[in-house]
Amino acid sequence: MFRFLLTILIWCSCLALRAAEVSAELSTPTVEAGEGALLSIKVQGGALDENIRIPEVADLVVQSRGRSQNVNIVNGRVSRFIAFNYVVGSHTEGVYEIPSVTVKVDGQELKTEPLKLTVRPSASGAPQGMDDDGEKPADHTRYGYLTFQMLKKDRKHVYPGEIAPVRIQAFFPMDARVSLGGPPRPDGSAFTLHNLSDEPQQDMQVVDGRRYRVITWYGGLSATKAGSYPAGLSLEGTVTVRDTNAKRPASPFNDPFFDNGLMDDFFAPMIQKDVTLTTDEPPSVEVRELPAEGRPEDFSGAIGEFEFESVKLPPSMTTGEPVRVEASIKGKGNFSLLDQPHLVPVDDWKSYDGTDEFVPGDAASFGGTKNFTFNSVPKVPGESRVCLGFSYFDPEKGEYKRVESAPQDVSISGKAIARTEANEAVSEAPAAPEEPKLAPIREKLGSVTPYEPLTDATWFVPAVAGCGVLSLAILGFGIWRGHHDDPAKAALRAARAAETKALSAAGQAADKGDVPAFFAAAREALRLAAAEAVGIRPEAVTLVELQGRVDERTIDLWRAADEFDYSGQAGDAGGLAGWRDALQRGMESLTEGRAAA
Amino acid sequence: MRILFLLLTMVAVLRADDRFAKANEDYRNGRFREAAEQYKALLENDGPRVSVLQNLGSAYHQLDENGRAILAFERALLLKPGDADIKANLKLVRDRSAVFPTKADDRWSKLAGSLSRRSWSMWVLAGAVLLPVAATLWFARRSMCLAAVLLAAGGVIITAGAWWALGRNSGVGSLAIVVNDDAKLRLSPFENAGETGTLPAGREVRADVERNGFRWVSVDGGATEGWMRSGDIEPLVPQNLPPN
C-alpha cells in the first residue's frame, strides 16, 4: 500500500515538474466556404491561468467546441494534456492566417505557432453556414433527430404572450453515447421557450424497427410577434456511434465466425461528432395579434383559462381601514401576466399591490394555482354584496373573458370617504389598473445616491475586518484582565513571591554564616510552601502539616528553627550547609506535592 | 475653506434644483425631448437621483422610446427598489412594449431585492460595528454579559444576512437593457455575420465581453445567445459591463 502511494506521489511530482508545452493544430488546412475545420490548442504539463482567447481575424468565424483532457501512462511515464477545441471557418474564400495564440500556463506566457487556413469557394456556389447553424447530418437518423408537438394539436395559431404547451423529443440511437450541449432552443426570434423541464424524461422507443433512446422535455412556447413563422427547434450535442461503414481487415483466424456482420459491428471503430439536431420540416405556426375590440380595461395580458378557486374576505369592516383579501385563481396559461383581481364595485374600494405566489400544477408550470394576498380599503359604508373580478383572453374561443367570484355579503361601518381623501390616502400606491397611466413626475429633486455599494470602496473590507479584529482584541484583553485580577490568583502570586524571597534570604544567610537569619528565612519558606500544598493560611502551618510531606531531616530543621527562635541561642554556623540541603529537599517535596495536587 | 466648500455645494444644489424645475416645466408643456436632455445632463453632471431617473423614464415613454424608458425606470429601482410609483411605471411601459420580465420571483429574491445594494452594504457595515460595541459593553459591564452576547449575535446575523443579499444581487453588474428596436443577435461579431434572433427594445440581457464593437449577450438563462452591437444595449449600472 505504501509503495503504491509512493508511486502515485512520484507520478504526480513528475507531472508537476514537467515543463509546460502548448501547441496548435488544424484538422485540415483547406475547407470550403461555409464549412469549418477543427482547431485544437493543446496544453501539456501545466495548469491554465486564464481562458484562452483566439485573436480576431476579419471574416474568420471561431466558435468554441469545449475542451477534452487526456492522461496517458506509458512505461511509467505520465503525460497529460488538455485540448481546447474550436471550429474555424469563413463564408468568404481566401487564405487566413490564425495568429499565434498566447496561453498563460503556471504563470508563464507560451505561444503557439501561427496557422494558415485556406477557404475555397463553396462547391454549391452558395454559403452553407457553419455546421452548427442548423445543417443536418447527411443521414440524420444515424445521429438522432428532434421532434416537436404542440400538446393541443387542433390549434394552429397562438397569440403573442400566450404560452402554448409543447412536447419536445430528441431521438438518439440506442447504442450511441450522447452528451447534450444544453436544452433545446427555438430557431429564430419569433418564439421563446419557457419553463422547460429541468430533468427531461428518458425512455426507449422503437421507430421503424430501430431502437432509440428518447429524451422528452415539456415546456411552453411563447410567440414574441405577430405573423406566420416556422416553429423550428434545435438541440446541440456530441454523439458517439460505431462506424459500421469502416472496413475491417480480414480475420487472421480465417474463420467465418470472426468475419460475420455481428463481429463487424463489434469491432467497428467509434466515431464522435458534434451534431445539431433540428426539427425536420418545422410546422408553421400563425401568431395572431390580440384583438383590440372588446379588450377589458383591466386586462393585464393573461392568456389561457382561469377561474377562482377560493376567496377570503372578512364579513365586517370599517371605511378607511384596510382589510386583508385572499384569493386563489387556478387554471392553465401564462400565470406570470395574471395580475391580482380587484374588488367589485371598483369605485367603492381602493386596493394596494400585495404579494402573490404561484404553485405549479405540472412539470412545465403551464397549469397551477396563483395565490394573491393584498389589502383593500372600503370607501362606502353599508351592507354590500362584494365580489372579486379579473379578465383574461381565451385563446380557444379567441375572445376576452371576465370572471367574477361568488358575491359575499359584507357589512361596512363608518363614514363615507370622499374621493379626494381616498386618493390622498393611496397617493403612494401604483396607478390603478383600470386607468393605466404613468405616475406623475417628481417635483422634489432629492439627494444623489450612487449605484455602487460601499463594498466597492477600498476601505470597506479593511473596515469590516478591522471591526472583527478590534472586537477580538477587546475580548482577549478582557479575558486576560479577568484572569489577572482574580483575588485568589493574586494571593497565590504573592505567596510564591514571598516564598522565593524567603529562600533567597536563607541562601544569603547561609553564605554569610548568619545562623539566626538562616533559620528564620528557612522556616518562613517551608511555611509558605506547606500552606500552599495543604491549602491553609501560612500562619496556621505547624509541624503537623509538615509530617508525612517532607523527610525527617527537614522536620529536624523546622524543630531546630523553633528551638533557636525560642531560646535565642547563637548556633554553630559550621552546620548550615547540611541544614541548607535539608531545606532544599523539603522545598522540593512540598513543590512536588503541590504540583500533584 | 470649509465654509467655501459648503457655499459651493449649496450653489450647485440650487442650480440643480433650477435645472430640474426647468426640465419638469418642459415636460408639463409637452416638450419631452428637451426635458429628457435636461434630465440626462443632470444625471451626468450631478450623479444619479431617483427623481431624475423616474422623470427621464417618463419623458422617454412619452417619446415612444420605451427601451430607454425601461432602462431609466430599472436604474431608478436599483436606487429605490420598493418604490410603488416606479414599479407601476415600469410595469406599464413593459406591458405596452410586450416585454415580459423573466426574473426569478421567489421569496428569497424578493427579500434580497427589497433594498438597494448600497443599503445592504450599509447594513453589513452596521452589523460589523456592532461587534466591537458588544465587546466593549462586555468589557466595561460584566453584569451585562447576556446583553453583550445578544448584541454580538445580532451583529453577526446582520452582517452575514446583508452580505448574502449583496451576493445574491451581485449579478446586476452584468445586466443590460436593449435600447434600440429590433436589435439583432448575430453568430459572430461582424455586421455580415448570420442572425440568430432579434430582441425587442426594453428586453433585459446578460452582457459579456466586447469584440469589434459587439457584445456577447445571453437571454433567458442562456436559451438565446449571440453577438449584439454594443450601441443597441446600455448597462443597467452605468460603466459597469465586463471589460473587453
Side-chain angles (χ1 to χ4, degrees), chain A residues 56 58-59 61-63 91 129-130 133 160-161 182-183 185-186 188-189 192-194 196 222 224-225 300-301 336-337 353 355 357-358 428-431 436-455 460 463-464 467-468 470-472 474-475 477-478 482, chain B residues 16-17 20 24 27 46-52 54-55 58 61 75 78-79 84-89 91-92 95 98 100 116-118 120-122 124-125 128-129 131-132 134-136 138-139 152 159 166 185 187-190 193-194 197-200 211-212 220 222-224 237-238 240:
Chain A
E56 287 165 26
D59 291 339
V61 180
V62 181
Q63 291 173 352
H91 295 289
M130 308 292 289
D133 291 352
R185 300 177 181 189
S189 59
T192 54
L193 269 176
H194 294 265
L196 211 58
S222 178
T224 57
K225 51 192 175 186
S300 61
S336 61
L337 293 182
D353 263 357
T355 59
E357 183 187 24
F358 176 62
E428 289 299 313
K437 284 180 185 171
L438 284 175
I441 58 170
R442 292 187 190 240
E443 301 293 343
K444 197 176 171 188
L445 184 59
S447 57
V448 173
T449 316
Y451 294 109
E452 295 78 15
L454 296 176
T455 47
F460 186 83
V464 173
C467 287
L470 180 63
S471 50
L472 285 177
I474 295 170
L475 201 65
F477 181 65
Chain B
D17 268 330
F20 187 61
N24 284 354
Y27 182 96
D46 295 358
R49 285 184 167 98
V50 176
S51 54
V52 182
Q54 185 190 328
N55 292 5
S58 299
H61 178 60
R75 284 179 174 172
L78 276 185
L79 302 181
D85 280 349
I86 303 170
K87 280 164 79 176
N89 281 359
K91 184 178 183 310
L92 179 72
D95 286 351
F100 310 115
S116 69
R117 291 195 301 159
R118 196 168 179 84
W120 281 123
S121 63
M122 286 177 178
V124 170
L125 197 61
V129 167
L131 296 177
T136 309
W138 168 80
F139 181 75
T159 303
L166 268 175
L185 275 174
L187 272 174
S188 308
F190 303 106
T198 305
L199 294 180
R211 292 271 186 283
N212 200 24
D220 297 337
T224 306
V237 181
N240 208 23

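If you're wondering where the values come from, they're calculated on a predicted model, not measured in any experiment.
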message = Determine whether a donor-acceptor pair (N or O, by modelled atom type, separation under 3.5 Å) exists between the side chain of B/R117 and the backbone of A/P453.
response = no
request  = Look at B/V52, B/L185, B/I86, B/L131 and state which one has the largest set of heavy-atom pairs under 4.5 Å with chain A.
outcome  = B/L131
key: Choice from A/G468, A/S300, A/S447 maximising heavy atom contacts with chain B below 4.5 Å   = A/S447
request  = Write down the atom of A/A439, the atom of B/Q54, and the distance for their closest heavy-atom approach.
outcome  = CB-NE2, 4.1 Å
task = Could you look at B/L166 and say if it's the side chain, the backbone, both or neither that has a heavy atom under 4.5 Å from chain A?
result = side chain
ask   = Of all of B/P132, B/S188, B/A128, which one pairs up most often with chain A through heavy atoms under 4.5 Å apart?
value = B/P132
query = Can you name the salt bridge (Lys or Arg N to Asp or Glu O under 4.0 Å) partners of A/R442, sequence neighbours left out?
reply = B/D83
task = Report the residues that fulfil salt bridge (Lys or Arg N to Asp or Glu O under 4.0 Å) with A/E357, sequence neighbours left out, ordered by chain and then residue number.
result = B/R107
inquiry  = With heavy-atom distances below 4.5 Å as the criterion, would you say the side chains of A/E452 and B/S121 are in contact?
reply    = no
ask   = Which bit of B/S116 comes within less than 4.5 Å of chain A, counting heavy atoms only: side chain, backbone, both or neither?
value = neither
task = Could you tell me which of A/L472, A/T455, A/L475 has the largest number of non-hydrogen atom pairs under 4.5 Å with chain B?
result = A/L475
remark   = In terms of heavy-atom pairs under 4.5 Å with chain A, the winner among B/F190, B/W138, B/W120 is B/W138
task = Check step by step if side chain to side chain contact (heavy atoms under 4.5 Å, CB included) holds for A/L454 and B/R118.
result = CA-CA 6 Å; A/L454 296 176; B/R118 196 168 179 84; 3.5 Å; yes
message = Please classify the contact between B/L78 and chain A as side chain, backbone, both or neither, with a heavy-atom cut-off of under 4.5 Å.
response = side chain
